A.B. asks: 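Handing you a structure now.
Throughout, a chain's letter reflects where its sequence line sits, starting with A, and its residues are numbered from 1. Fair warning: this is a prediction, and the values are worked out from it, not measured in the lab.
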Protein chains: 2
Amino acid sequence: MPKQTFFNLHQDKRKKLIESAEIEFTRVPLFEASIANIIKMAGISRGSFYQYFEDKDDLYFYLLEAKLNKAKKTFIGFLEKHQGDLIEALVEMYFYFLTTLSDEEEKNFLRNALLYTSYKVESSFSSMFDTYLDNQEFIKITGLINRQCLNISGDKELLHIFKILSALAFNNLIEKTVKGLTDTEAMESFKLSVNLIKQGIYKIEIDRAEV
Amino acid sequence: MPKQTFFNLHQDKRKKLIESAEIEFTRVPLFEASIANIIKMAGISRGSFYQYFEDKDDLYFYLLEAKLNKAKKTFIGFLEKHQGDLIEALVEMYFYFLTTLSDEEEKNFLRNALLYTSYKVESSFSSMFDTYLDNQEFIKITGLINRQCLNISGDKELLHIFKILSALAFNNLIEKTVKGLTDTEAMESFKLSVNLIKQGIYKIEIDRAEV
DNA sequence: ATTGACATATGACACTGTGTCATATAGAAT
DNA sequence: ATTCTATATGACACAGTGTCATATGTCAAT
């Protein structure tokens, strides 16, 4: 978390610093990003940077967290829109990432985050549930979900389904990025996977009721 | 890929270098690893290092690739053992990672790889299929798989199922690592997810035959 | 308006690390 | 012995990080 000094900063200065950081982290992934570039762009001194942040990571994860929180809000919106259908919401979320976020800069920031800190990105997203076990946000989200269409017996299964689906979404995004698939190809691939998961991958002839 | 000079090296020297690199990459992830440490341990000069490898990444991914190839071979073994049951093979593979690989050093190397270059690790593993489309290895693997118990219509679906399952396995491994779960907890979590995928997550009352 | 106390700003610096290059050495082939 | 080629070396130029002594700004109290 940035230090208090950073939050005391005049809005303009803070904004310029954030923008400079975004440019740098869009250009290259975290480990290649240089503080020198950021402070040059923002027009502040090296010493000041360390008044505001612990180090490069501090700034980076602050930015990333903000973007992820925005994404989570968007997701909750989709959940409401689809009357709690988790899968429909996730499919639309995936689509949203592919298209609405198709602004090149934003995309490259995401790409750098996904490839080099995927575990942070994904665990932040998929832990939307289990980190907020006690607060309103958790209740809000789980309350939204329509459980009737899901083959689950309790909260534990619900959590797992959410994890499976977000794992799938993130892995598809990474695959798209690495292989340079088009949006359409990525979307189709994702839908195919989701359908397989919906139906179940094991062939069984008997009536599902016995499960 | 290391340069020819590296492969021309006397076996002892090469082995010592590899071991030194493993120690360093076990200590810290790629981006924090230092060539200085590796050459100090291996007792070679800085210049020599650059005779053998393009850079740090070159050495790292050479080691990683070797470990992944070993893992792939192990997986094929499990596939044979379980008469082509993809899921049983993967569950055992996951178990193998958790236990057989429980030697602390090896584990930390894996941890560093998973957290910071997960996309490389996973795409290397899950592309076991689609990168070898033409060669014997592909035929060997797909030939091994028992399709009768899978709810698929062709190779495309098979590929997706494999991707889904490996995404799940890797994400579970990462979750275990990040959250510090015990082997048992991780195994249970993985099995729960796998069962959900087997059965399908959508509740349907009708006979599956109509799908 | 001056003082003092505190917050903020600065860039030189010590340090660690990378990749290169001119030079040295070894080995094999003739 | 000589020449040719492969390999070895560490000093060096460069780039980056985090720190610190010092400077500057701010503002409340007198």
Side-chain angles (χ1 to χ4, degrees), chain A residues 1-64 109 112-113 116-117 120, chain B residues 1-64 109 112-113 116-117 120:
Chain A
M1 208 52 187
K3 301 176 185 175
Q4 188 52 48
T5 323
F6 174 69
F7 297 107
N8 294 343
L9 242 40
H10 200 69
Q11 196 183 343
D12 296 351
K13 200 172 183 179
R14 203 166 61 230
K15 205 173 156 194
K16 194 166 183 192
L17 187 43
I18 295 281
E19 279 169 3
S20 306
E22 276 178 343
I23 290 171
E24 181 66 0
F25 293 130
T26 295
R27 188 182 67 85
V28 285
L30 173 59
F31 77 99
E32 282 179 22
S34 123
I35 296 176
N37 282 338
I38 297 173
I39 61 181
K40 209 186 296 163
M41 274 187 274
I44 62 167
S45 74
R46 185 159 200 84
S48 288
F49 182 91
Y50 286 94
Q51 299 267 16
Y52 308 147
F53 311 101
E54 287 302 328
D55 50 25
K56 203 172 43 167
D57 288 31
D58 190 21
L59 167 55
Y60 183 74
F61 290 114
Y62 171 67
L63 287 186
L64 187 60
F109 187 101
N112 288 334
Y116 296 95
T117 47
K120 284 262 186 189
Chain B
M1 207 53 185
K3 300 177 184 173
Q4 188 53 48
T5 322
F6 174 70
F7 298 107
N8 293 344
L9 241 42
H10 201 69
Q11 195 183 345
D12 296 352
K13 200 171 183 180
R14 203 166 62 229
K15 206 174 157 193
K16 195 167 183 190
L17 186 45
I18 293 282
E19 278 168 4
S20 306
E22 277 177 343
I23 291 172
E24 180 66 1
F25 293 131
T26 295
R27 188 182 69 84
V28 285
L30 173 60
F31 77 98
E32 283 179 22
S34 122
I35 295 175
N37 283 338
I38 297 173
I39 61 181
K40 209 186 296 162
M41 274 188 273
I44 62 167
S45 74
R46 185 159 201 82
S48 287
F49 183 91
Y50 286 94
Q51 300 266 16
Y52 308 148
F53 310 102
E54 287 302 329
D55 50 27
K56 202 170 47 166
D57 289 32
D58 189 20
L59 168 55
Y60 183 74
F61 290 114
Y62 171 67
L63 286 186
L64 187 59
F109 186 101
N112 289 333
Y116 297 94
T117 46
K120 283 260 186 189

A.B. asks: Rounded off to whole Å, could you give me the NZ-to-C1' distance for the Lys3(B) and dA8(D) pair?
C.D. replies: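 Atom NZ in Lys3(B) sits about 13 Å away from atom C1' in dA8(D).
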A.B. asks: Of the listed nucleotides (dG19(C), dA8(D), dG17(C)), which one gets closest to any side-chain atom of Ser34(B)?
C.D. replies: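 So the nucleotide nearest the side chain must be dG17(C).
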A.B. asks: Taking OP1 and OP2 of dA9(C), is either one under 4.0 Å from a side-chain nitrogen or oxygen of Tyr52(A)?
C.D. replies: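 Looking at the OP1 and OP2 atoms of dA9(C), one of them is under 4.0 Å from a side-chain N or O of Tyr52(A).
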A.B. asks: Can you name the side chain to side chain contact (heavy atoms under 4.5 Å, CB included) partners of Asn8(B), sequence neighbours left out?
C.D. replies: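 Only Gln4(B) meet the side chain to side chain contact (heavy atoms under 4.5 Å, CB included) criterion with Asn8(B).
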A.B. asks: DNA chain D: Gly47(A) or Ala36(A), which has the more 5' nearest nucleotide?
C.D. replies: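 Its nearest nucleotide being more 5', the pick is Ala36(A).
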A.B. asks: What is the distance, rounded to the nearest whole Å, between atom CD of Gln51(B) and atom C1' of dA24(C)?
C.D. replies: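 Result: 12 Å.
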A.B. asks: Calculate the interatomic distance between Glu24(A) atom CD and dT17(D) atom C1'; express it in whole Å.
C.D. replies: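 One finds 14 Å between C1' of dT17(D) and CD of Glu24(A), rounded.
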A.B. asks: Using a heavy-atom cut-off of 4.0 Å across all strands, would you classify Lys13(B) as base, sugar-phosphate, or nothing?
C.D. replies: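 The answer is sugar-phosphate, as Lys13(B) gets under 4.0 Å only of primed atoms, P, OP1 or OP2.
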A.B. asks: Rounded to whole Å, how long is the line connecting atom CZ of Phe31(A) with atom P of dG16(D)?
C.D. replies: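 One finds 14 Å between P of dG16(D) and CZ of Phe31(A), rounded.
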A.B. asks: Separation of Leu9(B) atom CG from dT7(D) atom P, in whole Å?
C.D. replies: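 Whole-Å distance recorded here is 8 Å.
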A.B. asks: With heavy-atom distances below 4.5 Å as the criterion, would you say the side chains of Tyr52(A) and Leu59(A) are in contact?
C.D. replies: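 Counting from C-beta outward, Tyr52(A) and Leu59(A) never come under 4.5 Å.
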A.B. asks: Should we count NZ of Lys40(A) as having more than 12 external heavy atoms under 6.0 Å?
C.D. replies: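 Check fails, neighbour count at 12 or below.
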A.B. asks: From dA9(C), dT9(D), dG17(C), pick the nucleotide closest to the side chain of Ser45(A)?
C.D. replies: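 Looking only at heavy atoms from C-beta outward on Ser45(A), the closest nucleotide is dA9(C).
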A.B. asks: Can you find a side chain N or O atom of Thr5(B) that sits less than 4.0 Å from OP1 or OP2 on dT7(D)?
C.D. replies: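 Thr5(B) to dT7(D) OP1/OP2: side-chain N or O found under 4.0 Å.
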A.B. asks: Roughly how many Å is it from CZ in Phe53(B) to P in dT20(C), rounded to a whole number?
C.D. replies: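 The answer, rounded to whole Å, is 15 Å.
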A.B. asks: Which of these nucleotides, dG18(D), dA9(C), dT20(C), is closest to any side-chain atom of Tyr50(B)?
C.D. replies: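 Ranking dG18(D), dA9(C), dT20(C) by closest atom to the Tyr50(B) side chain puts dT20(C) first.
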A.B. asks: Show me, pair by pair, the donor-acceptor contacts under 3.5 angstrom made by side chains of residues 15-26 of chain A, not counting sequence neighbours?
C.D. replies:
from: Ser20(A); atom 1: OG; to: Lys16(A); atom 2: O; distance (Å): 2.7
from: Ser20(A); atom 1: OG; to: Ala42(A); atom 2: N; distance (Å): 3.4
from: Glu22(A); atom 1: OE2; to: Lys67(A); atom 2: NZ; distance (Å): 3.1
from: Glu24(A); atom 1: OE1; to: Arg27(A); atom 2: NE; distance (Å): 3.1
from: Glu24(A); atom 1: OE1; to: Asn37(A); atom 2: ND2; distance (Å): 3.4
from: Glu24(A); atom 1: OE2; to: Arg27(A); atom 2: NH2; distance (Å): 2.8
from: Glu24(A); atom 1: OE2; to: Ser34(A); atom 2: N; distance (Å): 2.8
from: Glu24(A); atom 1: OE2; to: Asn37(A); atom 2: ND2; distance (Å): 3.2
from: Thr26(A); atom 1: OG1; to: Glu22(A); atom 2: O; distance (Å): 2.6

A.B. asks: With a 4.0 Å cutoff (strictly under), does any side-chain N or O of Ser48(A) reach OP1 or OP2 of dT8(C)?
C.D. replies: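 No, no such contact exists.
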A.B. asks: Nearest whole angstrom, please: distance from the P of dA26(C) to the NE2 of His10(B).
C.D. replies: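 Rounded to whole Å, this separation is 17 Å.
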A.B. asks: Counting just side-chain N and O atoms, does Asn8(A) come under 4.0 Å of either OP1 or OP2 of dA7(C)?
C.D. replies: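 Answer is no, no contact under 4.0 Å.
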A.B. asks: Rounded to the nearest Å, what distance is computed from the CZ atom of residue Phe49(A) to the C1' atom of nucleotide dT19(D)?
C.D. replies: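 Atom CZ in Phe49(A) sits about 14 Å away from atom C1' in dT19(D).
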A.B. asks: Is a donor on one side and an acceptor on the other found under 3.5 Å between the side chain of Lys56(B) and the backbone of Ile35(B)?
C.D. replies: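 No, Lys56(B) side chain to Ile35(B) backbone: no donor-acceptor pair under 3.5 Å.
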A.B. asks: For Arg46(A) and dT17(D), is the shortest distance between a side-chain N/O and OP1 or OP2 below 4.0 Å?
C.D. replies: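 Affirmative; the distance criterion is met.
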